[in-house]
Amino acid sequence: EVRLVESGGGLVQPGGSLRLSCAASGLAFENFDMSWIRQAPGKGPEWVSAIKTGGDPIYYSDSVKGRFTISRDNTKNTLYLQMNDLESEDTAVYYCALGGTRATLRTPSYWGQGTRVTVSS
């Protein structure tokens, strides 16, 4: 069974930092490009970032570029998203997902369960 389990979300103040993790199992993790997707309240899903199998970033959305860093540790089957200088607009449920293209937005069956990030004072 393929499992993607996100963790690390929570409540943070504007300007704060948070690191999300995604533990993968049931697949050859090192063979998959991966993405982070988020969905803010009342909005559709947004492709946040993507990373190649070997760890080279593929994509950052304009809204997070310079503030977020995607990384992975294939020896631990884990995907990460370091989020700095958080803004209220970053409030969303964050999902890790199999695949490293925009089409990943269309395949929610390949997302994890999500972890909620709330940025508020």
Spell out, yes or no, whether [X] and [Y] are grouped together once hydrophobic residues are joined by side-chain heavy atoms under 4.5 Å, including indirect joins.
X     : Y     : result
Ile58 : Met34 : no
Phe32 : Val2  : yes
Val12 : Leu20 : yes
Tyr95 : Ile70 : no

Any donor-acceptor pair under 3.5 Å from [X] side chain to [Y] backbone:
X      : Y      : answer
Thr101 : Ala103 : yes
Ser88  : Val119 : no
Thr78  : Asp73  : no

How close do [X] and [Y] get, heavy atom to heavy atom, and via which atoms?
X      : Y      : answer
Gly9   : Val117 : CA-CG2, 4.1 Å
Thr104 : Ala97  : CG2-CB, 3.4 Å
Ser35  : Ala50  : OG-CB, 3.5 Å
Trp47  : Gly100 : CZ2-O, 3.5 Å
Gly10  : Leu18  : N-CD2, 3.9 Å
Val64  : Val48  : CG2-O, 3.8 Å

Pairs involving residues 108-121, ordered by first then second residue, that meet side chain to side chain donor-acceptor pair (under 3.5 Å) (sequence neighbours left out): Glu6-Gln113
Asp33 side chain reached by Thr53 side chain, heavy atoms, under 4.5 Å: yes
Pairwise salt bridge (charged side-chain N to carboxylate O under 4.0 Å, His left out) hits with a residue in residues 34-52, at least two apart: Arg38-Glu46, Arg38-Asp90
Residues in ring-ring contact (aromatic ring centres under 6.0 Å, His included) contact with Tyr60, at least two apart in sequence or another chain: none
Salt bridge (Lys or Arg N to Asp or Glu O under 4.0 Å) partners of Glu89, counting only residues at least two apart: none
All pairs passing disulfide bond (SG atoms under 2.5 Å apart) where residues 67-109 contributes a residue, at least two apart: Cys22-Cys96
Side-chain donor-acceptor distances from residues 79-86 under 3.5 Å, at least two apart:
residue	atom	partner	partner atom	Å
Gln82	NE2	Asn84	OD1	3.0
Asn84	OD1	Ser17	OG	2.9

